[in-house]
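Start at 1 and go down the list; that is how both ligands and their atoms are numbered.
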Amino acid sequence: MSVNVEWKVGDERRGGVVAEGTYIWDAAKRLGVRLPAECEGRGECDTCAVVVEEGATLLSGLTQAERTRLSPERLAAGERLACQAKVERGGDLVLRPVPATERAETTDEAAKDLREEFRRMSLRKKFAALAGMEADMAYETLLRVADIPFAVFGKGLDLLASRGRRLSQAEREVQRPSEHRASPTDDKGPGEQPG
Ligand code: FES
């Protein structure tokens, strides 16, 4: 028996027919609905969560992964994980993806947020953020976060990172208890010691 599926994606409606035994995840792909899948269908995240508005009884029972990943409130609201729930009986199914604001962020979404946050930072904060990272991580972060081509940035990063290190050292120094701060004479060489 066939299953009539309707997807509600924002104001859009997408309908089609899928066979019994189809996972919601595949029903989405078949009808051109893109669901994120951070754990690639292993039931280890909740990014593929959908709300079943009609036809919940057509679906397979809850898996352990769904009980673990979805709170009782979310389950009560009709949420299922698309990679875990299978259509077992024919009928009408109405589904909608859970908005990004109501589920965990995917890595790409988090990187996008970070990118926006980085853009809003003052130059001083950008330096300090970079200085706190290992060199490899700083390169990777810049590529992902700052949208700066590697070739353009190249060696300049070292310069920025060392400037950032100096800034963050200065900031740490200011935050220390006054008796732990380096005295102005600490860095003087032997010839400069007061006599
Ligand atoms: S893709 Fe992660 S739980 Fe479905």
Atoms of ligand 1, numbered as shown, that sit under 4.0 Å from any heavy atom of [X]:
X	result
Ala37	1 (S)
Cys39	1 (S), 2 (Fe), 3 (S)
Glu44	3 (S)

Q: Answer with yes or no whether the hydrophobic clustering places Trp25 together with Trp7; edges join I, L, V, M, F, W, Y residues whose side-chain heavy atoms lie under 4.5 Å apart.
A: yes
Interatomic distance, [X] atom [atom1] to [Y] atom [atom2] [nearest 0.5 angstrom]:
X	Y	atom1	atom2	result
Glu66	Leu75	CD	CG	7.5 Å
Lys86	Leu58	NZ	CG	14.0 Å
Leu93	Glu6	CG	CD	10.0 Å
Arg96	Arg13	CZ	CZ	10.0 Å
Asp46	Glu79	CG	CD	7.5 Å

Q: Specify side chain, backbone, both or neither for Gln84, according to which of its non-hydrogen atoms lie closer than 4.0 Å to ligand 1.
A: neither
Q) Does the shortest distance from atom 2 (Fe) of ligand 1 to an N/O/S atom of Cys48 fall below 2.8 Å? A) no
**Q.** N/O/S atom of Cys45 inside 2.8 Å of atom 4 (Fe) of ligand 1, strictly under
**A.** no
Q: Only heavy atoms count here, so choose which of Ala49, Gly41, Gly43 is nearest to atom 1 (S) of ligand 1.
A: Gly41
